[in-house]
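Below: one structure, written as structure tokens.
What's counted below: heavy atoms across the whole structure, side chains too, no hydrogens, waters or symmetry copies. Here is the naming used below: chain letters follow the sequence lines, and residue numbers restart at 1 for every chain.
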2 protein chains.
Amino acid sequence: MPEAIDAIDRRILRALQRNGRMSNVELANEVGLSPSPCLRRVRLLEESGVIDQYVAVLNGPRIGLGLTVFVRVWFKTQDAEITQQFAETVRKFPEVVECYLTTGECDAIMRVVTADLHAYWRFQADHLTRIPSVQSVKTDVPMETIKRSYELPLL
Amino acid sequence: MPEAIDAIDRRILRALQRNGRMSNVELANEVGLSPSPCLRRVRLLEESGVIDQYVAVLNGPRIGLGLTVFVRVWFKTQDAEITQQFAETVRKFPEVVECYLTTGECDAIMRVVTADLHAYWRFQADHLTRIPSVQSVKTDVPMETIKRSYELPLL
DNA sequence: GATGAAAGCTTGTCCTA
DNA sequence: TAGGACAAGCTTTCATC
């Protein structure tokens with residue numbers, strides 16, 4: 001199933017990372033193929049899981065979601081059951097758009113999106129720190145964006 | 001320019017966050033409009049900047065980019081010029097897919113994507129810590145994904 | 001990988017509520 | 001002010017080379 005990805009596939013992926021809605025005809029021109037083989041390659045990339053999904057990226061501030069907070073979480077214990085319970089709870093919070101278990105200093109990291117600091121604070125006080133497995137949290141609040149890209153650094 | 005977003009717009013946004021490549025006909029069915037007014041709304045959402053862009057999300061591990069690292073950065077000084085220089089350098093590194101200036105404990109946070117720990121280490125030793133403004137860094141390495149969503153929590 | 005043809009989609013115009 | 005119908009021109013997609 002993992003057929004090799006060649007130079008043309010990489011051009012397809014680069015183009016679709018920048019504009020996931022470009023037409024197949026436009027894409028074919030850009031990568032130097034005719035539409036049929038281009039579409040065949042795109043479908044293969046989708047079916048083999050190289051392309052995970054296509055998404056519209058929304059402008060948070062324009063829809064009243066102006067704040068992103070990175071949260072580091074420490075658990076009471078690293079116990080598998082506790083961790084499982086944490087995972088299940090966190091998946092249900094729409095504000096938590098990403099969450100990972102980590103090894104090292106803290107036990108989990110997450111990205112939380114809310115309207116503003118006040119809304120974040122309510123989320124933290126009312127939901128996050130009430131999860132029984134959570135011992136403590138620390139937050140880092142982005143004040144200015146230097147870079148935000150949805151393109152993976154293809155070789 | 002900020003015309004109000006109504007319930008139908010929110011349905012459109014929800015659908016396009018999940019599948020940014022769905023056809024307008026399919027979208028129109030899903031939100032309960034005929035294709036013309038649906039397309040008109042989508043174009044307005046694009047032009048007004050509510051929809052920022054459409055992207056294909058790739059599966060990192062499937063293309064040899066298996067590691068994401070969250071990096072906290074401390075500067076030597078918070079001087080505007082130093083910060084500017086840091087921003088310009090960081091924007092040029094394709095491994096750095098996100099970077100924000102923060103207030104609080106550290107000075108910047110970034111997300112770095114590489115093939116593996118070894119490649120990350122090379123990036124840190126050869127590039128990141130050689131930026132003159134960087135005093136020190138700390139990393140958090142996700143070991144397991146609990147949640148990763150590209151959907152903002154629309155009300 | 002290219003061609004060509006059928007089916008379906010996008011998108012503009014005009015009409016209606 | 002906003003949705004719907006319709007038609008022209010493109011795109012997608014598949015069989016065939």
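Atom pair B:L44:CG and C:dT11:P shows a separation of 14 Å (rounding to whole Å applied). As a whole-Å value, the separation of A:L39 CG from C:dA2 P is 14 Å. What separates CG of B:N24 from C1' of D:dT11 is a distance of 14 Å, to the nearest Å. What separates CG of A:L33 from P of D:dT11 is a distance of 17 Å, to the nearest Å. Atom C1' of nucleotide C:dC9 and atom CD of B:E30 are separated by 17 Å, given to the nearest angstrom. One interatomic measurement links the two molecules: CZ of A:R21 to C1' of C:dT10, which rounds to 10 Å at whole-angstrom precision. For B:E26 and C:dA7, the CD to C1' distance is 16 Å, given to the nearest whole Å. The CG-C1' distance, from B:N29 to C:dG8, rounds to 13 Å in whole Å.
Of the side-chain N and O atoms in B:R41, one or more sit less than 4.0 angstrom from OP1 or OP2 of D:dG3. Applying the 4.0 Å criterion to OP1 and OP2 of C:dT10, one finds that B:R43 has every side-chain N and O outside that range. Distances shown here put every side-chain N or O of B:R40 at or beyond 4.0 Å from the OP1 or OP2 atom of D:dG3.
Nearest nucleotide to the side chain of B:S36, out of C:dT13, C:dA2, D:dC14: C:dT13. Side-chain proximity of A:S23 to the nucleotides D:dT11, D:dT13, C:dG1 is greatest for D:dT11. With D:dT11, C:dT11, C:dC9 as the choices, the nucleotide that has an atom nearest any side-chain atom of B:V25 turns out to be C:dC9.
Checked for salt-bridge contact, B:R14 and B:E151 miss the test: no charged N lies under 4.0 Å from a carboxylate O.
The two residues B:K138 and A:E105 come nearest to each other via the heavy atoms CD-OE1, 4.1 Å. Residue A:L152 comes nearest to B:L65 through the heavy atom pair CB-CD1, 3.8 Å, listed as atom of the first residue, atom of the second, then distance.
For A:S34 and C:dG4, a side-chain-to-base donor-acceptor distance below 3.5 Å is absent, hydrogens and geometry of angles not being considered.
Checked against the 6.0 Å centroid criterion, the rings of B:Y54 and A:Y54 do not qualify as a close aromatic pair.
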Hey, mind stepping through B:R21 and B:E26 against salt bridge (charged side-chain N to carboxylate O under 4.0 Å, His left out) and telling me if it holds? CA-CA 10 Å; B:R21 237 188 145 152; B:E26 196 185 346; over 6 Å; no
